[in-house]
Amino acid sequence: MERAGIAALVTAALFAAPLVLAAPAAHAAAGRPAGDDVYRTWFTSHSRCVAAGQGGIDRGHWEHYTCSEGDWFWHLWTNR
């Protein structure tokens, strides 16, 4: 009985592992700044970075922005 439970747990972990590993790679590629973008500042959450980036667009400071994920913070990059 105990061996069957362990086997079921290992099987579930193996099926779930590719899904967990694939998600961060796709997200990281989407958050890269363009080569000529300017670094603005960092934020503790993605939502704050997006709000600041969109606020800059609304005020006419830049045309596009990127929020890239760092080790501990989110970094705002803009085209101006």
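Positions are given from 1 along the sequence. Heavy-atom basis, side chains included; hydrogens, waters and symmetry copies ignored.
- Of all heavy-atom pairs between C67 and V50, the closest is SG-N, 3.5 Å.
- With sequence neighbours excluded, the residues that form a ring pair (Phe, Tyr, Trp, His ring centres under 6.0 Å) with Y39 are H75, W77.
- For the atom pair CZ of R48 and CZ of F73, the computed distance is 11.5 Å after rounding to the nearest 0.5 Å.
- One distance of note links CH2 of W74 with OG1 of T44; it measures 11.5 Å at 0.5 Å rounding.
- For D36, the side-chain hydrogen bond (donor to acceptor under 3.5 Å, both in side chains) criterion is met by no residue, not counting sequence neighbours.
- For S45, the side-chain hydrogen bond (donor to acceptor under 3.5 Å, both in side chains) partners at least two apart in sequence or on another chain are S47.
- Here CD of E69 is found 10.5 Å from SG of C49. Values are rounded to the nearest 0.5 Å.
- Here T78 contributes atom OG1 and H64 contributes atom NE2; the two are 7.5 Å apart, rounded to the nearest 0.5 Å.
- When every heavy atom of D37 is checked against every heavy atom of T66, the shortest pair comes out as OD2-OG1, 4.0 Å.
- Counting only heavy atoms from C-beta outward, the side chains of F43 and L76 approach each other to under 4.5 Å.
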